[in-house]
Every structure is written in C-alpha cells, then in structure tokens.
Amino acid sequence: MWKGVDGISETTWPGVYNRSRLPGRDDYFELPDWNVYVEGGKRYDLTVPPGERFNRVEIRGAAYGSLLWSDGGKTTTLATRAHGTVRSVSAVPERQGGTLSFVNTMKEQPIQELWAYDVKAGAEPAGSFKLSYTVDATASTRIAALASLESFITGRYAPDERSMVVALPSSGIKAAVGAAAAGAGAPAQARTPGLPIVHILIPASLGDAYPDKPLARAFDYGWQNLHDGLDGIAIDLPALAGTGPVPLNIRVKDPIWPGRDMVDLSVSVPAGTPRTLWLDLRDRVLSNDSLYLSIASALPGFDAAALNGAKIRLVFKDRAAALPEHIADRLNQVKDNWGFLVEEHTASKRAALYARLFGDITDLLRVDPDNVTARQYWADINYRPENLPAVPQPTAPPGVPLWAFSAA
C-alpha cells in the first residue's frame, strides 16, 4: 500500500471508508464502494532504508495523531499533529534508518503524502555531466516537446494557477537553438495576474517542431536516449523581494506521469539574496519525456517574473549507480497500482489508473528488460503468458511417468 507515499496527492492512506464518522460517508447510498478494511487507518508503518538519514517530515492530509520513530526496539515520539491541520512540517533530530510510524487518532482521516527529508547545508555533486538551463519568463512556452505538459497543466489547474515559463539551454549556440525553437523575436509572452504558483517547463529535446517553427540545427540539447541517470536538480534562485524569509514550495514532477511528485518540499530562503538549492532526487534513468517543476510562494506578488533568470542544472550520474533506485521505485509502483486493478480490470488507457500502471511497467522494462518480476507482472496484467520467463521443467527418473513425478 503505497498510496500515502506514492507522490500522488489524490491517493490516500487509508483508502475510502464507508459508514464512517466522516460527514457524508455513513450510508451505502451515499458511497457505494470502499477500499479499506475495518482495521485500516489506525497505524501507518514505513521503513526507512538502512543508511538513509532524515531530519524533517512533511505530511499533507487531514490525519491527526502521533508521528513515531523506532529502531532496535526503542520508540520515540517525534511530533504530534493537531486536528484541523492540512500540511505540517516537523523538524526532528537527525535519524538514520528505522521505522517511521503515524498513529492515527481518527482512523478515517487520511494522509495524502508523507515525505522524510534530510535538509542541510551542502553543495551539488560534480556528477558525470550536467545539462544547464535558464528560466526565460518572456519566452513562449509553445515548444513541440512541451505540448503534453501544457495540456496537462491547462486541464488540471484553474486559469489563475496556470502561469508557465520555459527553461532554455543556458549558453552559446545551444541557447540560440533553444531560443529559435521557442520562437525568439516574438512579442513577450502576455501574462495576467494570478495566484503565486509558477510551472517551469524543461524540454527533453528541441528536435520536435511545430509546422510554423524553425527546425533544430545539426545537434540537439536535452536528455533523450541518454545513457546515464538523473541524480538530482540544482536551482539557482535569483534574489527574491521581501523583508524576511521567503517561503517556497517546490515540486518536481515525474516525467512519465506529471500527476506524481518526485519531490514536494517546503523551504524558506532569505529575501534579497540569491540562493542555490540542491534537490537530491530518487535516481531516474530519464525517459524521452519533458520535465517540469512548480514553485509556489506565500510572498505577495510572487510570479513568473520573480523567477526570470533562475538557473537550473540537471546533474547526472553513472547509469549503473542510478539503476537500483529507479528499478525499485518503478517495481513498487507497479505492484501498488496493480493491487487496485486485479478484478475485471480495464485495458483502456483512457482509465488513468491503468494508464499509470502501463507507463510504470513500460518504463521499468525499458531500463531492465530482463527483470523477471516485471515480466511476470506484465504477463498477468496483459494476459500474455508467452511473456513469462522460461521455467526449467524437472526430468523424471527412468521408468517414472512425468505426470506421476510432477504430482509427487
């Protein structure tokens, strides 16, 4: 059950209760289906892998109760969450490994997402190489490689939450190619006042082109078909206006499913001072999809212009080092999503849950085509027994029929 830590805020731990104490959830007529048993929602236990450290826990959702940590039989209360809280940020003494648990006071109240972070001063790694981009708040986002992301944002957010900017290659002729693809020389992108959230779009490639846009030159800039894996993202924020700490929420989206966050982090940066943030993501061998992140702020007047000139670096690492986290996460996502589809499931990608499952297992098999468990899952999901890995059959001793030997 990954629904409280899957990066998708619409999914929750526990699932939906029927005949519960929540208003409107107390009769079969009001809610004919549910997906949680009577013992669900009481305690959420999450294993922190050995060697992983955290000193902050962020929780989104209405659940209220106690956040615990245990290791070696000793249990410590890290924080309590009050009734009526929607999002909480708890700074805790640094912990390593162990088990994080949330003990729910009212079992029907959900956790949308629970994140454990190690927040500290540091520097971005050198990596195997980097791709560098600069946010241009005046450039058009009408780039062919960004079409699906623009459609997603338009379909998901209200008009005053759709402010989009593009991050283009930072220097030299690469920047010129990027500007051409983005329609350089066009009038500045018109913007209307809206809520303080900005979506930053980074094209995976500049090779795609709309019919009325210039073609890319003899080379491209992006990560399509790259061998190495993404280690994380560094963001050089420009000096932001204000008189005190500027609160920000930063969310980095999964390229294959932009409704899923790979990071959802709350930070504050000093006003009037540039600041570099290094976001050490779970490793990903990127697909050919474009990437986007959103930055929201409680700062009055925060908008796309406030981020103009921000630098973004995608830091890559050796592929072999990146594969373990990528494979483990995709396999867990496949298991979790398939667990909610096993009964008379659809095979139509118009159904979002199936489309997400299909995308996760496709991405897993892309980077690890010989993964035995993934092949078994896909054979089950899509009724393709020929996809099952070959299993050596036993050989019966001389004079013993195979059927008798197998039955024994």
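For the single chain, residues carry numbers from 1 onward in sequence order. Just so it is clear, the model here is predicted, and its values are computed rather than measured.
- Separating the CD1 atom in Ile153 from the OG atom in Ser148 is a distance of 9.5 Å, to the nearest 0.5 Å.
- Counted within 6.0 Å of CZ on Arg275, heavy atoms from surrounding residues, nucleotides or ligands total 12 or fewer; the atom is thus considered open.
- Here Glu52 contributes atom CD and Asp118 contributes atom CG; the two are 9.0 Å apart, rounded to the nearest 0.5 Å.
- A cation-pi arrangement is not found for Arg313 relative to Tyr133, the charged atom failing to lie both closer than 6.0 Å to the ring centre and inside a 45° cone about the ring normal.
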Requested in this report: Take Ile197 and Ile295 through the side-chain contact (heavy atoms from CB on, under 4.5 Å) test and state the conclusion after the steps.
Outcome: CA-CA 6 Å; Ile197 178 172; Ile295 300 181; over 6 Å; no
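- Between Phe302 and Val198, the closest side-chain pair of non-hydrogen atoms falls below 4.5 Å.
- Without hydrogens or angle criteria, Ser297 side chain to Pro247 main chain gives a donor-acceptor distance under 3.5 Å.
- Side chains of Ser88 and Arg81: a donor-acceptor N/O pair is present below 3.5 angstrom, by distance only.
- Between the side chains of Lys3 and Thr12, no donor-acceptor pair of N or O atoms lies under 3.5 Å.
- For the pair Ile200 and Ser294, the minimum side-chain heavy-atom distance is 4.5 Å or more.
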Query - side-chain contact (heavy atoms from CB on, under 4.5 Å) assessment of Val57 paired with Trp115 - result: CA-CA 6 Å; Val57 178; Trp115 301 86; over 6 Å; no
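- Judged by the 6.0 Å distance and 45° axis criteria, Lys349 is positioned over the aromatic ring of Phe358.
- Under the 3.5 Å distance criterion, with hydrogens and angles disregarded, no donor-acceptor pair is assigned to the side chains of Asp318 and Ser128.
- Side-chain atoms of Asp303 come within 3.5 Å of backbone atoms of Ala306 as a donor-acceptor pair (strictly under, hydrogens ignored).
- Taking CG of Leu237 as the reference point, atom CG of Leu277 lies at 5.0 Å (rounded to 0.5 Å).
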Report task. For Asp45 and Thr99, run side-chain hydrogen bond (donor to acceptor under 3.5 Å, both in side chains): C-alpha distance rounded to whole Å, both residues' side-chain angles, the deciding distance at 0.1 Å, then the answer. Result -> CA-CA 7 Å; Asp45 293 319; Thr99 300; over 6 Å; no
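- Looking only at distances, no side-chain donor or acceptor of Glu325 sits under 3.5 Å from a matching main-chain atom of Arg282.
- With hydrogens and angles ignored, the 3.5 Å screen pairs a side-chain donor or acceptor of Asn104 with a backbone N or O of Gly41.
- The two residues Tyr157 and Arg162 make their nearest non-hydrogen contact at O-NE, 2.7 Å.
- Under a 3.5 Å cut-off, the side chain of Arg260 and the backbone N or O of Asp254 do not form any donor-acceptor pair.
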Query raised in the report: Could you walk me through whether Arg356 and Glu10 pass the salt bridge (charged side-chain N to carboxylate O under 4.0 Å, His left out) check?
Result: CA-CA 13 Å; Arg356 186 163 73 236; Glu10 290 85 356; over 6 Å; no
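- Among all heavy-atom pairs drawn from Ala139 and Val166, the shortest one is CB-CG1, 3.8 Å.
- Side-chain N/O atoms of Glu124 and Thr276 include no donor and acceptor closer than 3.5 Å.
- Side-chain contact check for Arg43 versus Ser101: some heavy-atom pair is nearer than 4.5 Å.
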Query raised in the report: Between Ser287 and Asp363, does a side-chain hydrogen bond (donor to acceptor under 3.5 Å, both in side chains) hold up when you go through it step by step?
Result: CA-CA 7 Å; Ser287 62; Asp363 195 62; 4.8 Å; no
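- Contact detail for Ser9 and Arg60: the closest heavy-atom pair is CB-NH1, 3.6 Å.
- Looking only at distances, a side-chain donor or acceptor of Asn332 sits under 3.5 Å from a matching main-chain atom of Ala328.
- Closest of all the heavy-atom pairs between Leu323 and Val367 is CD2-CB, 4.1 Å.
- Expressed to the nearest 0.5 Å, how far CD1 of Ile256 lies from OG1 of Thr362 amounts to 8.0 Å.
- Remark: side-chain polar atoms of Thr77 are not paired, donor with acceptor, to backbone N or O of Ala79 under 3.5 angstrom.
- Taking the centre and axis of the six-membered ring of Phe102, the NZ or CZ atom of Lys42 falls outside the cone set by 45° and 6.0 Å.
- Contact check for Val315 versus Trp278: side-chain heavy atoms found under the 4.5 Å cut-off.
- Looking at heavy atoms from C-beta onward, Val165 lies out of side-chain contact with Leu201 at the 4.5 angstrom threshold.
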Report task. Report the C-alpha separation of Glu150 and Ile143 in whole Å, then their side-chain angles, then the decisive distance to 0.1 Å, and conclude whether the side-chain contact (heavy atoms from CB on, under 4.5 Å) test is met. Result -> CA-CA 10 Å; Glu150 286 193 298; Ile143 299 175; over 6 Å; no
**Report entry** Worked verdict on Asn55 versus Val119 for side-chain contact (heavy atoms from CB on, under 4.5 Å)
**Finding:** CA-CA 7 Å; Asn55 58 15; Val119 181; 3.8 Å; yes
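- Although no hydrogens or angles enter the test, the distance criterion places no donor-acceptor pair under 3.5 Å between the side chain of Lys317 and the main chain of Gly232.
- Side-chain polar atoms of Thr11 and Asp6 form a donor-acceptor pair below 3.5 angstrom.
- Between Leu78 and Leu100 the shortest side-chain heavy-atom distance falls below 4.5 Å.
- With respect to Asp329 and Arg284, a salt bridge is recorded, a charged nitrogen being found less than 4.0 Å from a carboxylate O.
- The closest side-chain donor-acceptor pair between Trp338 and Asp380 falls under 3.5 angstrom.
- The closest donor-acceptor contact from the side chain of Arg319 to the backbone of His227 lies under 3.5 Å.
- Summarising the geometry, atom CD1 belonging to Ile312 is positioned 8.5 Å from atom CG belonging to Leu291; distances are rounded to the nearest 0.5 Å.
- Between the side chains of Asp368 and His326, no donor N or O sits under 3.5 Å from an acceptor N or O.
- The ring of Tyr117 has its center no closer than 6.0 angstrom to the ring center of Phe54.
- In this structure, the side chain of Asp261 does not engage the main chain of Asp264 through any donor-acceptor pair within 3.5 Å.
- Two residues are said to be in side-chain contact when any heavy atoms from C-beta on lie closer than 4.5 Å; His199 and Leu293 fail this criterion.
- Atom CG in Leu226 sits 5.5 Å away from atom CZ in Phe316 (nearest 0.5 Å).
- A donor-acceptor contact closer than 3.5 angstrom is absent between the side chains of Ser66 and Thr80.
- Taking the six-membered ring where tryptophan is involved, the planes of His345 and Tyr354 are essentially parallel, since the angle between them stays under 30° and well short of 60°.
- In plain terms, the two heavy atoms of Ser268 and Pro245 that are nearest each other are CB-CB, 4.1 Å.
- Inter-residue side-chain proximity for Gln112 and Ile8 is flagged as unmet; no heavy-atom pair is nearer than 4.5 Å.
- Between Tyr44 and Trp13, the ring planes lie parallel to each other; the angle is under 30°, not in the 30° to 60° tilted range.
- Across all their heavy atoms, Pro110 and Pro14 have their closest contact at CA-CD, 3.9 Å.
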